Each structure stands twice: as structure tokens, then as C-alpha cells.
Number of protein chains: 2
Amino acid sequence: MKSPLEKARKNPESMKARILAVARRIFGEYGFHGTTTRMIAKEVGIDISTLHYHWGDKNDLYEAVVMDVNNDLGRELLKVEKIVHGSSLEERLNVSIDKMMDYLFDHPEISNLVLLRYFSKTRNEIDVDFKVPEFSGDIARAMGLAKDAKNPSPRSMMKVLSIMNSMHSFVSGENFFRPMLKLDRKNYIRAVKETLKFLLIPAFVLQEGKTKKGGDSPEAPLAKEKKKARPAKTAE
Amino acid sequence: MKSPLEKARKNPESMKARILAVARRIFGEYGFHGTTTRMIAKEVGIDISTLHYHWGDKNDLYEAVVMDVNNDLGRELLKVEKIVHGSSLEERLNVSIDKMMDYLFDHPEISNLVLLRYFSKTRNEIDVDFKVPEFSGDIARAMGLAKDAKNPSPRSMMKVLSIMNSMHSFVSGENFFRPMLKLDRKNYIRAVKETLKFLLIPAFVLQEGKTKKGGDSPEAPLAKEKKKARPAKTAE
DNA sequence: TTGTGACTCCATCATTTGATTGAATACTAC
DNA sequence: GTAGTATTCAATCAAATGATGGAGTCACAA
């Protein structure tokens with residue numbers, strides 16, 4: 001049986017999918033409390049009751065958005081890992097940064113939603129599994145930081161978190177940072193990639209030289225795409 | 001003539017100061033739209049009308065909070081810069097990371113508010129100057145990345161931004177990351193410092209060796225503590 | 001054609017939330 | 001003490017917001 005999310009993804013023209021897409025963007029921009037169902041409905045061009053008809057209440061919609069974003073991010077990580085599989089550590093970092101930044105800059109609401117989830121509370125406790133632990137473990141292993149993705153050391157996790165945080169920060173902060181730097185979008189993206197490489201590559205490459213013989217083992221896919229997203233409440 | 005903010009700071013026992021302190025924390029946790037004036041008033045133990053009496057409307061209070069945080073952050077940056085003044089680049093980074101992280105972990109609402117401001121919009125356009133450009137320029141110069149704090153290159157700014165973002169991310173994300181890493185607070189803080197040093201020091205030290213003779217010139221104070229915070233509306 | 005189900009919107013509600021008023025109380029200067 | 005100011009709160013308002021009921025519309029199968 002299909003979850004509502006899958007159905008919505010299947011047909012991007014469906015009302016349900018259109019609502020989800022707009023909700024992603026607006027929740028990402030304004031956060032949960034900063035977003036009203038009326039804002040979303042108006043943007044889609046429908047009445048709020050139509051929105052509720054398709055997605056239930058505001059919480060349900062938000063959860064669907066979060067899970068949708070999770071799925072996309074997981075898929076992309078998997079894709080990137082396949083591309084860099086087998087390369088040297090430096091090359092893996094180089095290519096991963098390029099690919100991930102291109103992807104995130106194309107879908108900035110992903111970074112927005114991830115960071116808002118990290119940093120901000122909601123009054124009514126919404127509990128959506130953001131899959132950070134899984135992702136982090138997989139990335140850590142793919143980077144050669146941990147042998148076992150299921151049991152990464154806190155140290156490896158921290159490194160992965162700082163990589164992901166740095167990436168998301170520059171994407172989400174574009175509206176704030178770019179005017180300040182007086183760069184156009186293209187040059188901003190270039191500068192971000194350059195800065196991330198400047199920061200990350202020396203640290204990881206140096207460490208590899210210091211502590212290792214040849215043990216960065218980049219095997220196995222990055223994200224396992226386990227357990228499907230919990231279906232959002234189906235309207236009936 | 002004193003601004004309300006200064007008055008509030010002067011006497012931390014005053015109602016005005018107590019409200020401001022609570023507002024800082026709650027706005028930091030829940031963001032602007034996630035915070036209600038009633039939440040703040042309740043936490044202080046007063047009626048909302050008392051809150052409005054002292055600080056005007058919600059926007060005014062939020063602006064006061066933002067400026068208060070700015071002042072504190074500027075003061076601390078200045079302090080840290082004085083401490084590390086004259087040391088080697090590696091030592092400057094080491095000590096700065098230690099000091100700044102201790103400070104931010106003691107005042108996590110600062111990181112929360114800074115990041116929320118970067119990443120999230122508010123429905124009604126609140127425009128508070130967050131002084132990021134100034135700070136960044138001063139930090140860049142203090143780090144030896146730019147000769148002139150008033151005209152840092154975009155490249156230097158980007159580096160400073162990534163440093164600040166990484167710091168703030170780990171502070172604001174504590175509630176999310178720490179349970180995931182299964183670390184107690186003390187060890188989390190230690191791990192954050194270690195990770196930041198792992199990432200930042202190789203990059204900057206390597207670069208210095210590569211491009212420079214001896215030109216990291218750490219002179220002049222870090223933050224200039226210019227123009228006072230614009231006074232929040234005085235209730236009368 | 002009629003019936004059914006999916007979909008959409010209009011009208012409307014209840015609650016939350018920002019904000020104000022005016023009466024009480026505390027404090028200060030004289 | 002008293003006048004006058006500063007502070008506080010209970011009561012209340014208006015707008016925003018989440019949510020629902022029910023009527024109307026449409027496509028399509030029987």
C-alpha cells in the first residue's frame with residue numbers, strides 16, 4: 001500500500017504534490033510557527049480547507065514535509081557516494097562537496113528545514129525522525145572515518161556533523177551572507193565550494209597521513225534507504 | 001541619555017532587565033513566531049501588560065534582544081582578541097576556539113539567535129542590524145586574513161563566516177547532537193573544541209606556510225564597539 | 001440518466017495571540 | 001502624611017489562525 005507521500009511524489013501535478021512542494025518551501029523559509037496554513041494555501045491558489053482535506057492538520061503536513069526532505073537528502077547522499085566510490089580521500093571530498101553543494105543550492109529548503117530542526121524548538125512537540133544518526137554513520141564510513149557505519153565513534157560523528165553543518169549553513173544563509181559579500185549567485189556558490197574545500201581537505205588529508213597506513217576503506221553504499229517514511233495521515 | 005537597553009543592563013534586578021533576560025532565552029529557543037509574549041511574561045512571573053509597559057510591542061522587545069546579544073558578542077570577541085593578541089596563528093586559533101566555545105556554551109541563546117537570524121525569515125520584516133559584516137571584518141583582520149578590517153576580501157569573509165557558523169552550529173545544535181552522540185555536556189564541549197581545532201587549524205596553518213613570509217599581523221582590537229545599540233522604544 | 005465518489009470552496013467557529021484600558025498598589029519627594 | 005509618579009495586574013478587545021461542515025461541481029461508471 002502506498003503512503004500519501006509516495007502518491008504525491010508519483011504525480012507532481014496532483015494537488016497533493018503541489019501542496020507538499022509549496023509547503024516545503026514556505027516551512028523552510030519561515031519555520032513551523034512562522035508559517036500559516038493560509039500562506040501555503042494562498043501560494044498554491046486554493047482554499048485552506050482543500051489543504052486540510054489532502055493533508056490533515058498542520059502538524060501532519062509538516063511531518064510529511066520533513067520526511068519528504070529526508071528521503072530526498074538520503075537519495076542524494078546515496079547517489080554521490082556511488083559517484084565517488086573508490087577514489088582517493090581527497091578526490092572523494094572534492095567531488096562530494098561539488099555535488100552536494102550543487103544539489104543543496106538547487107533545493108535550499110532542504111538545508112533550511114534541516115537546520116531549523118536542529119536549532120529551533122516547536123511549541124507543540126512534533127517528533128519526526130530526521131535520520132541524522134543514520135546519515136552521519138553512513139557518511140562517516142564512506143569518508144573512511146569509521147569501519148562500521150552502525151557504530152561510528154563520537155569523534156567521527158562530530159566530523160561528519162561539522163561537514164554537513166558547514167554545507168547547510170552556507171546554503172541557508174545565502175540570503176544573509178551573499179548581499180554582505182556582494183557576490184552574485186554563481187560566484188557565491190563558487191566561493192562556498194572553495195571555502196569548504198579549503199577547510200575540510202587539509203584536515204582530513206593530513207589526518208589520514210598521520211594516523212593511517214592505507215585504511216580508508218570506502219566500500220558499501222552510503223545511505224541504505226531503510227524503513228520507508230512513515231505515511232502522513234491519509235485524509236478521508 | 002541612556003537607552004533602555006543600557007538601563008536594563010545596569011540593574012539586572014530591574015523588571016526591565018529580567019524581562020529582557022527571559023526574552024533572550026525564549027526567543028532563542030522558539031524563534032520569533034514560536035515565542036508568544038505570554039510565554040515570556042509567564043516565565044518572568046508577570047502579566048503581559050507589564051511586559052508591554054516596559055518594552056512596547058513584541059517587535060520592539062525582539063529588537064532589544066537582538067541588539068543586546070550583539071553587544072555581548074562584540075564585547076566577548078574584543079576580549080578574546082586582546083588575550084590572543086601577539087601569539088602565533090596556531091595559538092590564536094587554539095585559544096580563541098577554547099574561549100569562544102566556553103563563552104557560547106555559557107550563553108547558548110546567543111548562538112541560537114544569531115543562527116535563527118541567518119536562516120529564518122519573519123513574516124513582518126524586522127530589520128535589526130546584526131553587525132555580522134563588522135564582526136567578520138574585525139575577525140578576519142585579527143586572524144591575519146585581511147590587512148584592512150573595513151575591506152576584507154570575500155575570501156577572508158567566507159573563512160570567518162565558516163568559523164563562526166561552525167561554532168554556533170555546535171552550540172545551538174547541542175540539544176539535537178548530544179543525545180545522538182551519547183555524550184554528557186562536559187564531554188560534548190570537549191569534543192566540539194577538538195573537532196573545531198581538527199578542522200580549522202590545519203587549513204589556516206597550512207595556508208600561512210604556503211602563501212606567506214611572516215605577514216600574519218594581529219594588531220588592533222578585534223571589535224570596535226561602535227555606534228550604540230539603537231534604543232528600543234521607551235514606554236511612557 | 002442517475003448515482004457515487006473525489007474534490008473544491010464558502011461560511012463559520014473556537015482558540016490563540018498581540019495589545020490596550022483603567023483601576024489598584026507601591027514608591028518618592030516634599 | 002500627601003501629592004504625584006511609577007509600576008503592576010485583571011479585564012477586555014480585535015485580529016490572526018487552525019480547523020470543520022456542508023453545499024456545489026465534476027468525472028465517470030452503471
Side-chain angles (χ1 to χ4, degrees), chain A residues 1-4 7-8 10-23 26-27 29-65 121-126 232-236, chain B residues 1-2 4 7-8 10-23 26-27 29-66 121-126 232-236:
Chain A
M1 187 190 114
K2 287 196 195 317
S3 77
K7 261 193 287 188
K10 211 134 237 171
N11 178 7
E13 293 310 313
S14 72
M15 180 57 73
K16 202 157 181 169
R18 284 170 54 209
I19 296 170
L20 187 68
V22 171
I26 303 202
F27 275 128
E29 284 181 39
Y30 295 93
F32 181 79
H33 292 295
T35 299
T36 68
T37 51
R38 279 173 174 82
M39 286 166 67
I40 299 172
K42 188 175 175 186
E43 188 84 3
V44 179
I46 55 170
D47 189 271
I48 38 166
S49 48
T50 301
L51 183 150
H52 284 111
Y53 171 78
H54 283 287
W55 286 108
D57 68 18
K58 191 185 176 186
N59 274 284
D60 295 333
L61 177 56
Y62 184 70
E63 292 190 14
V65 162
K121 287 186 193 167
T122 23
R123 253 137 49 198
N124 46 345
E125 223 24 83
I126 300 167
K233 174 183 147 197
T234 302
E236 61 246 331
Chain B
M1 188 191 112
K2 286 196 196 319
K7 261 193 287 188
K10 211 133 241 175
N11 178 7
E13 294 311 311
S14 71
M15 181 58 73
K16 202 156 180 170
R18 284 170 53 209
I19 296 170
L20 186 68
V22 171
I26 303 200
F27 274 128
E29 283 181 41
Y30 295 93
F32 181 79
H33 292 295
T35 300
T36 68
T37 51
R38 279 172 175 82
M39 287 165 68
I40 299 172
K42 189 176 177 186
E43 188 83 2
V44 179
I46 55 169
D47 189 90
I48 38 165
S49 48
T50 300
L51 184 150
H52 284 110
Y53 171 78
H54 283 288
W55 286 108
D57 68 18
K58 191 185 176 186
N59 273 282
D60 295 333
L61 177 56
Y62 184 71
E63 292 190 13
V65 162
V66 167
K121 286 187 195 168
T122 25
R123 252 138 46 199
N124 45 346
E125 222 24 85
I126 300 167
K233 174 184 148 198
T234 303
E236 61 247 329

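This structure is a prediction, so every number in the text was calculated from the model and none was measured.
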Which whole-number value in Å describes the distance from Phe32(B) CZ to dT17(C) P? 13 Å
Could you tell me whether the side chain of Ile40(B) reaches within less than 4.5 Å of the side chain of Ile48(B), counting heavy atoms only? no
Mind calculating the distance between NE2 (His52(A)) and P (dG18(D)) to the nearest angstrom? 7 Å
Rounded to the Å, how far apart are His33(B) NE2 and dG18(D) P? 11 Å
Could you give the CE-to-C1' distance, from Met39(A) to dG18(D), as a whole number of Å? 14 Å
Pairing residues for Thr122(A) by the side chain to side chain contact (heavy atoms under 4.5 Å, CB included) criterion, not counting sequence neighbours: Phe32(A), His33(A), Asn124(A), Glu125(A), Ile126(A)
Working to the nearest 0.5 Å, report the span between CH2 of Trp55(B) and CG of Leu20(B). 4.5 Å
For nucleotides 4-11 of chain D, give me one character per nucleotide, 5' to 3': B if any protein heavy atom sits under 4.0 Å from the base, S if the only such contacts are to the sugar-phosphate, - if neither. --SBBBB-
What is the distance, to the nearest angstrom, from the CG atom on Leu61(A) to the C1' atom on dA19(D)? 14 Å
Counting C-beta onward and ignoring hydrogens, is there a side-chain heavy-atom pair between Ile26(B) and Val22(B) closer than 4.5 Å? yes
With sequence neighbours excluded, what pairs up with Thr36(A) under the side chain to side chain contact (heavy atoms under 4.5 Å, CB included) test? Arg38(A), Met39(A), Arg123(B)
Gap between atom NZ of Lys16(A) and atom NE2 of His54(A) - 0.5 Å precision: 7.5 Å
Please tell me if the side chains of Ile19(B) and Ile46(B) come closer than 4.5 Å, counting only heavy atoms from C-beta onward. yes
Report the C-alpha distance between His52(A) and Leu61(A) in whole Å, list the side-chain angles of each, state the deciding distance to 0.1 Å, and finish with yes or no for side chain to side chain contact (heavy atoms under 4.5 Å, CB included). CA-CA 9 Å; His52(A) 284 111; Leu61(A) 177 56; over 6 Å; no
Distance (rounded to the nearest 0.5 Å) between Phe27(B) CZ and Thr35(B) OG1: 5.5 Å
Round to the nearest Å and state the distance from Asn124(A) atom CG to dT16(C) atom P. 12 Å
Quickly work out the Leu51(B) CG to dT17(C) C1' distance and round it to whole Å. 13 Å
Give me each pair satisfying side chain to side chain donor-acceptor pair (under 3.5 Å) with a member in residues 40-49 of chain B, each pair once, sequence neighbours excluded. Arg25(B)-Glu43(B), Asp47(B)-Ser49(B)
Could you list, one pair per line, each protein nitrogen or oxygen that sits under 3.5 Å from a nitrogen or oxygen of nucleotides 13-17 of chain D, together with the distance?
residue	atom	partner	partner atom	Å
dT17(D)	OP1	Arg123(B)	NH2	2.2

Heavy-atom nearest pair, Val44(A) first then Met15(A), reads CG1-SD, 4.1 Å
Between protein and nucleotides 23-29 of chain C, what N or O pairs are separated by less than 3.5 Å?
none

